[in-house]
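Beneath this line is the structure, given in structure tokens, with notes to follow.
Heads up: numbering here begins at 1 and tracks the sequence.
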Amino acid sequence: MKKSKLLIASLVAAMLAIAVPMVSAQGNGIQYQETAGMVRLTTDEIEMKVTGVGEVPHFHWWDPDSPGTDYHLIFVKLFEANDTDSDGVYNGSEDQIVGSPFALPSTGWDFSGFETETDDGNVTAVHFNFTSTTEHDPRSGGETGNIPGMASFDVKVQLRVHMDVENSNELKFDVIIDGWNWTYDDSILVLQFTISESSHGEEQGSRDPSDFGRTGNQFQFNGAYMEYAETARAAQNTLEVRASYGDSAGQQAGNAIYLAFEYFGNETLEYDPTLGIGSDGVLPSDNTMLLLIGGGIVVVVVIALIVKFRG
């Protein structure tokens with residue numbers, strides 16, 4: 001009996017020793033390139049294009065294993081709003097916009113270049129920024145009345161984009177907002193996106209996203225998602241972030257998402273949403289699948305050996 005147990009243990013150890021190198025050898029890293037202000041990132045589970053030069057910042061992504069549908073997230077504008085019911089959520093039918101919205105510019109975005117992390121020659125993480133500093137005049141676009149403190153000011157918006165192989169089905173991006181000149185200290189600052197979809201290969205969204213809905217702090221649509229953090233940072237302070245959504249007025253297609261930030265004074269706002277493939281936000285990587293399959297094979301073989309030696 002002791003010899004049987006020792007034999008089984010030796011076989012299990014040998015098979016695990018074989019399985020682990022097979023798993024670790026599968027990582028191909030992240031593919032990345034930049035051409036004329038458009039960045040392209042690729043893993044086995046997601047392909048992503050990010051444009052920030054020559055147009056409003058635009059995230060465009062799809063599933064390389066099932067490339068029938070492309071998803072689009074476009075930055076639209078920033079605006080201050082009176083939170084009439086003090087719930088921290090932007091409601092277009094109740095909350096009044098203060099002054100003129102700041103439409104995010106289509107020019108003047110500077111690309112930082114890539115920073116990468118590597119392991120055994122594979123790129124395991126890619127980081128880059130798009131940065132724009134633009135003058136905003138909240139008095140433009142109509143009469144605003146004699147509102148104290150309302151004058152033009154420079155707004156710096158930076159997108160810090162991150163992708164790593166530990167989460168190879170998604171991309172994170174930090175939104176940095178600096179220089180916002182508040183009119184009221186009980187207002188909210190609202191960042192508006194538009195999410196749409198298209199047939200694969202189209203450069204712009206052409207229709208509303210299918211099966212659009214929200215679960216917790218995640219918007220889900222047709223196998224993809226946008227996850228928003230419920231807090232942001234400004235200096236040493238933690239801010240509440242509340243989301244709402246509706247039809248994208250003034251856009252050809254898509255659903256509007258409004259992220260509302262509570263007052264943060266003259267500090268710099270830092271916020272980090274996530275985009276990805278997979279409605280629940282979690283997909284097993286190729287390595288994980290191989291490990292599960294290999295582990296299952298080991299279990300089956302061990303059971304067969306036990307049955308054989310006991311018989």
**Request:** Compute whether any side-chain donor of one residue and acceptor of the other, for Asp174 and His162, lie under 3.5 angstrom apart.
**Result:** yes
**Request:** Could you note down all residue pairs passing salt bridge (Lys or Arg N to Asp or Glu O under 4.0 Å) where residues 115-134 supplies at least one of them, sequence neighbours left out?
**Result:** none
**Asked** Residues in salt bridge (Lys or Arg N to Asp or Glu O under 4.0 Å) with Glu202, at least two apart?
**Response** none
**Side-chain heavy-atom pair Thr43, Met163 within 4.5 angstrom cut-off** = yes
**Message:** According to salt bridge (Lys or Arg N to Asp or Glu O under 4.0 Å), does anything in residues 185-200 pair up with another residue at least two apart or in another chain? List the pairs.
**Reply:** Glu197-Arg207
**Item:** Set of residues satisfying side chain to side chain donor-acceptor pair (under 3.5 Å) with respect to Thr274, sequence neighbours excluded
**Value:** Lys172
**Message:** I'd like to know whether the aromatic ring centres of Tyr245 and Tyr258 sit less than 6.0 Å apart in this structure.
**Reply:** no
**Prompt:** Among Glu203, His72, His58, which residue meets the side chain to side chain donor-acceptor pair (under 3.5 Å) test with Lys49?
**Reply:** Glu203
**Item:** Tyr184-Val89 co-clustered via ILVMFWY side chain contacts under 4.5 Å
**Value:** no
**Asked** Do the side-chain N and O atoms of His60 and Asp70 include a donor-acceptor pair separated by under 3.5 angstrom?
**Response** yes
**Path from Met226 to Val56 over hydrophobic side-chain contacts below 4.5 Å** = yes
**Request:** Tell me, please, which residues at least two apart from Ala234 pass side-chain contact (heavy atoms from CB on, under 4.5 Å).
**Result:** Leu239, Phe264, Glu267
**Request:** Kindly write out the residues that satisfy side-chain contact (heavy atoms from CB on, under 4.5 Å) with Thr131, not counting sequence neighbours, or none if the list is empty.
**Result:** Asn129, Lys156, Gln158
**Prompt:** Between His127, Glu34, Gln33, which is the residue that forms a side-chain contact (heavy atoms from CB on, under 4.5 Å) with Phe114?
**Reply:** Glu34
